[in-house]
Every structure is written in structure tokens, then in C-alpha cells.
Protein chains: 2
Amino acid sequence: MDRGAAKKKRPGGRSAQVRARVQAAVIELLSDRQLEEVTIPRVAERAGVHQATIYRRWGSVAGLVDDVVAERVGELAPIPDTGTLRGDLELAAIRFAEVIAPLGGIMIRAAALSTPHADTSVSFQKRAGQLQAMLDRATARGEKTPTLTELLEGITAPLYFHQLFFGRPADSDHAKALVDRLLIYVEAAR
Amino acid sequence: MDRGAAKKKRPGGRSAQVRARVQAAVIELLSDRQLEEVTIPRVAERAGVHQATIYRRWGSVAGLVDDVVAERVGELAPIPDTGTLRGDLELAAIRFAEVIAPLGGIMIRAAALSTPHADTSVSFQKRAGQLQAMLDRATARGEKTPTLTELLEGITAPLYFHQLFFGRPADSDHAKALVDRLLIYVEAAR
DNA sequence: CTTCTAACGCGACTTTCTTCGCTTTTGGAT
DNA sequence: ATCCAAAAGCGAAGAAAGTCGCGTTAGAAG
């Protein structure tokens, strides 16, 4: 009767294997094909999984990509908790910039694929929630804290932009500079 | 004998009309559909043009979007010269946000659609040069002036981001707030 | 005004994507 | 060990995307 770890019905079984193989296939295809050529039948073939399985679980390429991004971002760039806002922001920014690199333009493609309203993007929602929690911790400590929007616009947006237009991630010094800029503004404006 | 304006064989004829209608259809579809749902048959239907025509001239959705972007980039808001840095920045930001609106993040989607390394386009370089000139004027007036990178990251990136993730452009108040944020930082840091 | 030809329209045809009902497998629970 | 249900496999049928050859249209040049 629910011994804690059993949140999902079958966490370590065949379904999980299928998911892993499908995700791997998506990343492979996305990294050496044009986005338009990444189709569900192709993913199915490379993953060695039946098409219908993918249609049932993910529904569309957008769903697939979103799932991949949500998975990778969560595991590769956990939200830090260093005890200070600046520390959290710097770590988060640096990790995010690093994650964006191997994933290449995948995240950007994911964003481009998703509906106008990001409200439906699983990965975006998840990320936003984590970041908000980080900010809440800072507020609870009595620090002057930016809003989530300011954080997204001051840190995330420039990092995306960098990857998108320059084809390479921002380095850690650059990431720190962005944090610095945001904090200077928050100090000055509040 | 090349009398100047006759670069293309039939600049003002039926082909041009077809192109205009197709581009309009692309923009319409792209602004209220998911990228995945923008297909050539749909574009053809909305434009009132035969499918085969589009396949022949543009080949793919990526080709279509590229063409639209190339066309519209020329219409980008001119760089203002109001006499003050703040005025220039605010006008530029507001205009840019407006231009981005009907295009509905198309430029970003175009980048996402194209091959892995979407190298920095000519239009981007041109734009960057114009903005640099604007900054140079401010410096010449003796104002504390951000770098081009700071401008791109502080203004342009958030505006893109806004459109991309929220599906709507930033309003002019928001654009002004971004300018304010950038200038506060520049004042504080210099 | 006639001719030439690039570009478009048309519709049939091929390929690929997507859905559906059914069977089989499998992980978890009793 | 046995049972149960969720999820995967399977293949066929249907829908949509993409291709092709040929006839037609309409700018542009003489």
C-alpha cells in the first residue's frame, strides 16, 4: 500500500525502457536532421518501438521534444540552494548555460514547436515552478528578490539568445555578469 | 541591356502576386497555429494557390518561412535618433516589439527550423551595425552608454523571449521598463 | 500584335503519416 | 503462483502530404 517510492504505477518496467529509448532516438534525430524531418515514424523506427505506442503516449513531435527537454533540464540542471540569492542565481545560470550547449538548439526548437501559449509546455511550467521556489527562499531570508519575470528576462532570455544567435553557449563569466546585472538593478530599484 | 530596375524577369506580374498571397497566408497560419500544423497544403488553400506551385517555388515550410523573414526584415523599424539615449532606446524597443508582433515569433521559428547551426544572418549583422551607430551617438554626446551586447541582452533578448514563450509581444510599458532596467544598470555600474 | 517561355493551374498518382481494434506482454498485487 | 490491468505490439484502413506530366496563362521582347 504505497510504500513511498511507488508514485507511478510501473516506474522501472518496460514503459520506462520504452521511454528511454524513444527519448534517445529523439535526441539523435534532432541533432542530425532538420526539425521538419523528425517524424514519429522515424523516431519509432530508430527506437525500435511501434509507431502506435508513440502516438498514444506522446501524440506529436512537439510532445516528444517537450518531454525530452523536461527530462534533461530537470536532471542536468537542478535548482541550487546555496543559501544566498546570488549564489543560487550564479549556479543556476552557469548550469543552464552548460546544459544548453550539448542539447544544442533542441530547447529552442522545442520552444518554437510549442503553442503560442507556453502555459501548455510541461518543461516550461516545471522549470518556472522550480525557479519561483528558489526566489521564494530568498524572499523568506529577507533578501531583495527579483520577480520571476525579471529573472527570466534578465538571465534565461539572454542565455537563450546567445545560443540562438551565436550558436554557442555563454561562458560562466558571462553568466555571472548577467546575474550581477540583475542584482544591481534589483538593489537600485527596490 | 539592363536598364536598372529589371533585375528579375517579371517583378510585378502574377508571380509577385502569388508570392504576396502565399507570404500573407504563412504569416496568418503561423500566428494562430502550431508550427507543426503549418503545412504546405494549408498554406496553398488559404492563399488560393495550387499546392504544386508552392512545392516548386519554396519546397518546404522552412523555405517558406525563410522567404517571409527575408522579406520582412527589410521592413524592420528604422533606428531612431531622438537626441537622447533613453529616447532612442525606448523608441527602438517599442517599435521592435511592434514589428515582432505580427511576425509572431516567426524569426525565431525560422531559426529553429533551419539546420543545426543557424549562422548569424546578414540581416542580423546589419541590424547590429545600426544599433551600434545609435550607441556611438550617445557616447559622443557624453552619455553613459551600454555596450551592444548589453543592449541586445537587456532589450532585444527579452522581447524575443516574451514573444516566444508567451505568444504575444511585450507592450510599450514593458519595453520602457526594460530600457529603464538597462539604464539603471549602466548608471550604477559605470 | 505576335511570339516566346517562365510560372501557374490541374488532377491523378505515390508515399508517408495517423488512427483504430484487437492481441500479447509484463509488472505489480493478492 | 496466479490474476489483473496498463501499456506495448501488430497490421490494416484511412487521411494527409508530397510528386509528376501536361495543358494554360500572361508578362516581356521584338
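Chain identifiers are assigned alphabetically (A, B, ...) following the order of the sequence lines, protein sequences preceding nucleic acid strands; residue numbering begins at 1 within each chain. What you see is a predicted model; the values in this text were computed from it and never measured.
Looking at the side chain of B/Thr53, the nearest of the listed nucleotides D/dA8, D/dC20, C/dG9 is C/dG9. The side chain of A/Arg56 lies closest to D/dA8 when the candidates are D/dA8, D/dG11, D/dG27. Distances were taken from every side-chain heavy atom of A/Val49 (C-beta onward) to each of C/dC20, D/dG9, C/dG11; the shortest belongs to D/dG9. For A/Ala52, the listed nucleotide lying nearest its side chain is D/dG11; candidates were D/dA8, D/dG11, D/dA17. Distance from the side chain of A/His50 is smallest to D/dG9 among D/dG27, C/dT19, D/dG9. Nearest nucleotide to the A/Pro41 side chain, out of D/dT19, C/dT18, D/dA8: C/dT18.
Atom CD1 of B/Ile54 is separated from atom C1' of D/dA17 by 13 Å (rounded to the nearest Å). Between B/Glu36 atom CD and C/dC17 atom C1' there is a gap of 12 Å when expressed in whole angstrom units. In this structure, A/Gln51 atom CD and D/dG9 atom P are separated by 11 Å, rounded to whole Å. What separates CH2 of A/Trp58 from C1' of C/dC17 is a distance of 18 Å, to the nearest Å. For the pair A/Gln17 CD and D/dG9 C1', the interatomic distance rounds to 15 Å; values are reported in whole Å. Atom CZ in A/Arg14 sits about 14 Å away from atom C1' in C/dG28, given to the nearest Å. For the pair A/Arg42 CZ and D/dA17 C1', the computed distance is 13 Å after rounding to whole Å. Look at CD on A/Glu45: it is 16 Å from C1' on D/dG11, rounded to the nearest Å.
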Decide side chain to side chain contact (heavy atoms under 4.5 Å, CB included) for B/Arg86 and B/Glu143; before the verdict, give the C-alpha distance in whole Å, the side-chain angles of both, and the deciding distance to 0.1 Å. CA-CA 10 Å; B/Arg86 179 179 293 270; B/Glu143 297 190 69; over 6 Å; no
Stepwise, does the salt bridge (Lys or Arg N to Asp or Glu O under 4.0 Å) test hold for B/Arg19 with B/Asp67? CA-CA 10 Å; B/Arg19 186 166 178 229; B/Asp67 190 43; 2.8 Å; yes
Evaluate the side chain to side chain contact (heavy atoms under 4.5 Å, CB included) criterion for residues A/Val26 and A/Gln23: first the C-alpha distance (whole Å), next the side-chain angles of each, then the deciding distance (0.1 Å), finally the verdict. CA-CA 5 Å; A/Val26 169; A/Gln23 287 190 345; 5.6 Å; no
Using the rule given for salt bridge (Lys or Arg N to Asp or Glu O under 4.0 Å), can you reason through B/Arg137 versus B/Asp88, listing the C-alpha separation, both sets of side-chain angles and the distance that settles it, and then say yes or no? CA-CA 10 Å; B/Arg137 286 200 301 271; B/Asp88 283 0; 3.8 Å; yes
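Regarding contacts with the backbone of D/dA8, a side-chain N or O of A/Arg57 is found under 4.0 angstrom from either OP1 or OP2. For the OP1/OP2 pair of C/dT19 and a distance below 4.0 Å, the side-chain nitrogens and oxygens of A/Tyr55 include no atom meeting the criterion. Look at B/Ser15 and you won't find any side-chain N or O under 4.0 angstrom from OP1 or OP2 of C/dA6.
Classified by interplanar angle (parallel below 30°, tilted 30° to 60°, perpendicular above 60°), the ring pair B/Tyr160/B/Phe96 is perpendicular.
Both A/Thr39 and B/Val18 sit near DNA chain C, but only B/Val18 has its closest nucleotide nearer the 5' end.
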